[in-house]
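All residue numbers refer to positions in the sequence shown, counting from 1. Predicted, not measured: the structure shown is a model, and the values here were computed from it.
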Amino acid sequence: MATADCEIVAPTRNNSWIWGLFNWTSKSAIMLRNAEKRIFSYLKNAYRGWYVDIGPVVSEADKIWTISLNSESQKTPLVLLHGLGSGVGLWILNLDSFAEHRPIYAIDILGFGRSSRPKFSNDAEIAERQLVASIEEWRREMKLNQMILLGHSMGGFLAASYAISHPERVKHLILADPWGFPDKPADIGNKYNIPMWVRVLAFALQPLNPLWAVRAAGPFGQWVVSKARPDIIRKYTTIVKEEELIPQYIHQCNAQSPAGESAFHAMMSGFGWAKNPMIHRIKDLRKDIPITMLYGSRSWVDKASGESIKLARIHSYVNLQVINGAGHHVYADRPEIFNQFVNDACAFCDAGHKVSDESMESEVTTTNTEESPIDINVVKQKDTQ
C-alpha cells in the first residue's frame, strides 16, 4: 500500500475581477490533494510527498510539491518535470517501473499542481529564467549533486534550458515529446490550411491563458475535461480503476489560479511554439551531456528538431526514438515501451559512458518493422579507446 506524508498549504488568493469572473468552479487545494492521494493509492511502491521550501524565487516564499520513491537507493536520481496543465499524478503509469532501479523525484513545477502559484513575469525570457531558477533552488534544497533530468512537453523545454544553465548537475537529459524547440512557420495559416474563422478566433483568444475554458466552465470543468479529452482518460484505465479520478485530478490542477499557465502564455508564440525556440540554443548544451529524445509517431510536436539536434551534435551522444502508436502524451500512450527507453537511458548513465571529442565514431541505425511498435532512429557515439 502506497503511503505519503502530506501537508496542506492554502492556495494564493487572486483578487483580480477578471479571475473572479472565471472563479465559480468547484475547486480547492484539499480536493486536489485528495484526488492525487487516490491516484497514488494504485502505486505498488511506497512513496513520500512533501513541500520543499525554495525561498523567494518568484514570490516571498515559494514551495514545490515533491514526491519520491526509493529514495534510499544510491544510484543517480531520476527527476521528472511534467507538461502544461499536468502534475505529478499523471506519472502514475511510470513511477513503479522507474523506482525499481533508482531514486525517483517528481515535482509539480512552480505555478502548477500543488506547488505555490506566484505571479510570474510577462516577459518570455524572464519567466523562463524564473522557472529554471525554481528547479535549481529545489535541487539545492534537496542536496542532489547530479541527476538524470526527464521533461515532457513544456517540462522538456525547461529541462533543456536547465541543462544549458547548469550542465554540471545533469548526467543525462531525457526529452519526451518536447515543446518549444522548432521555429514557428512564417505562414502557418496557409501551410496547414487553417480556415479563416479559426484564425480570427485564435487571434481573439490570444490574451487568454491556454486552459481558460476549464475554469470558465465552472462546476462543469471536470465534465469538460472528460468530454474534450476522453483519450487521456482511457490511457489510465489499466491501472486507475475509477473513471472519474483522472479528469477530476486534471480539472483540479487547472481550476486553481493559473500562475504557471500564465508563465507558459508569456513564453509561447501561438500554443505550439516558443518565442525563444530551443533549437537555436541547444548548441550551448555541453557536449558531454547525453540526450535521449522520445517522440510519439502520432504527436503534433514537430520531430524535425530532434533530427536537427542529432545532426548538429556529431561529437555527442544523441538517441532519438519515435514510438509508433503514441501521441503527444507518449509516457501514457505506450507506457511499457516508454518506461523501457527511460530505464535504458538511465542504465547508460549508470555505466559511466563518456563522450570524447578526440576519439569518436558515429553509428547511425534505422529500424522500422511491422512486428515492432517502435520506430528507432538512433545516433550512438562509441569510444574507440
Is there a side-chain contact (heavy atoms from CB on, under 4.5 Å) between His152 and His328 once you walk through the steps?
CA-CA 9 Å; His152 169 252; His328 180 53; 3.8 Å; yes
Using side-chain contact (heavy atoms from CB on, under 4.5 Å), reason through Lys235 and Ile246 one step at a time and then give a plain yes or no.
CA-CA 10 Å; Lys235 304 177 197 301; Ile246 295 299; over 6 Å; no
Ring-plane angle category for Tyr105 and Trp138, please: parallel below 30°, perpendicular beyond 60°, tilted otherwise.
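Aromatic pair Tyr105/Trp138 classed perpendicular.
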Tell me whether the rings of Tyr317 and His172 are parallel (<30°), tilted (30 to 60°) or perpendicular (>60°).
perpendicular
Of the non-hydrogen atoms in [X] and [Y], which two are nearest, and what is the gap between them?
{"X": "Trp91", "Y": "Leu150", "result": "CH2-CD2, 3.6 Å"}
{"X": "Gly325", "Y": "Ser297", "result": "N-OG, 2.9 Å"}
{"X": "Ala259", "Y": "Pro118", "result": "CB-O, 3.0 Å"}
{"X": "Leu175", "Y": "Gly156", "result": "CD2-O, 3.4 Å"}
{"X": "Phe40", "Y": "Gly89", "result": "CZ-CA, 3.8 Å"}
{"X": "Glu128", "Y": "Ser161", "result": "OE2-OG, 2.6 Å"}

So [Y] and [X], do their side chains get closer than 4.5 Å, heavy atoms only?
{"X": "Asn319", "Y": "Phe341", "result": "no"}
{"X": "His166", "Y": "Arg139", "result": "no"}
{"X": "Leu84", "Y": "Ser153", "result": "no"}
{"X": "Lys63", "Y": "Val52", "result": "no"}
{"X": "Cys346", "Y": "His101", "result": "no"}
{"X": "Val57", "Y": "Glu136", "result": "no"}
{"X": "Ser134", "Y": "Asp62", "result": "no"}
{"X": "Asn70", "Y": "Asn45", "result": "no"}

Under the 3.5 angstrom rule, does the side chain of [X] hit a backbone N or O of [Y] as a donor-acceptor pair?
{"X": "Asp333", "Y": "Gly327", "answer": "yes"}
{"X": "Lys171", "Y": "Glu168", "answer": "no"}
{"X": "Arg169", "Y": "Ala163", "answer": "no"}
{"X": "Arg334", "Y": "Asn324", "answer": "yes"}
{"X": "Arg48", "Y": "Ser71", "answer": "no"}
{"X": "Gln74", "Y": "Glu72", "answer": "yes"}
{"X": "Lys303", "Y": "Gly296", "answer": "yes"}
{"X": "Ser305", "Y": "Ile279", "answer": "no"}

Between Tyr236 and Leu93, is a side-chain contact (heavy atoms from CB on, under 4.5 Å) present by the stated rule, with each step listed?
CA-CA 7 Å; Tyr236 290 89; Leu93 303 177; 3.7 Å; yes
[X] and side chain to side chain contact (heavy atoms under 4.5 Å, CB included): which single residue from [options] fits?
{"X": "Val79", "options": "Ile135, Ile104, Leu144", "value": "Leu144"}
{"X": "Val88", "options": "Ile67, Thr66, Ile109", "value": "Ile67"}
{"X": "Lys44", "options": "Asp96, Leu69, Ile239", "value": "Asp96"}

To the nearest 0.5 Å, what is the distance between [atom1] on [X] and [atom2] on [Y]?
{"X": "Ser308", "Y": "His280", "atom1": "OG", "atom2": "NE2", "answer": "10.0 Å"}
{"X": "Leu245", "Y": "Ile39", "atom1": "CG", "atom2": "CD1", "answer": "4.5 Å"}
{"X": "Met268", "Y": "Glu261", "atom1": "CE", "atom2": "CD", "answer": "9.0 Å"}
{"X": "Arg117", "Y": "Gln256", "atom1": "CZ", "atom2": "CD", "answer": "5.5 Å"}
{"X": "Ser59", "Y": "Gln130", "atom1": "OG", "atom2": "CD", "answer": "10.0 Å"}
{"X": "Ser116", "Y": "Leu110", "atom1": "OG", "atom2": "CG", "answer": "6.0 Å"}

Looking at [X], I want to see if its [atom1] is surrounded by more than 12 non-hydrogen atoms of other residues, nucleotides or ligands under 6.0 Å.
{"X": "Glu60", "atom1": "CD", "result": "no"}
{"X": "Arg286", "atom1": "CZ", "result": "yes"}
{"X": "Lys283", "atom1": "NZ", "result": "yes"}
{"X": "Arg298", "atom1": "CZ", "result": "no"}
{"X": "Glu336", "atom1": "CD", "result": "no"}

Between His329 and Tyr331, a side-chain donor and acceptor under 3.5 Å:
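Side-chain D/A pair, His329 to Tyr331: present.
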For Asn94 and Ser97, test the side chains for any donor-to-acceptor distance below 3.5 angstrom and give the result as yes or no.
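Per modelled atom types, Asn94 and Ser97 side chains form no pair under 3.5 Å.
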What I want to find out is whether Glu137 reaches Arg140 closely enough, with some N-O distance under 4.0 Å, to be called a salt bridge.
yes
Exactly one of Phe264, Tyr295, Trp300 should register a ring pair (Phe, Tyr, Trp, His ring centres under 6.0 Å) with Trp179. Which one does?
Phe264
The test is side-chain contact (heavy atoms from CB on, under 4.5 Å); show your working for Leu90 and His82 and say whether it passes.
CA-CA 8 Å; Leu90 295 189; His82 61 76; over 6 Å; no
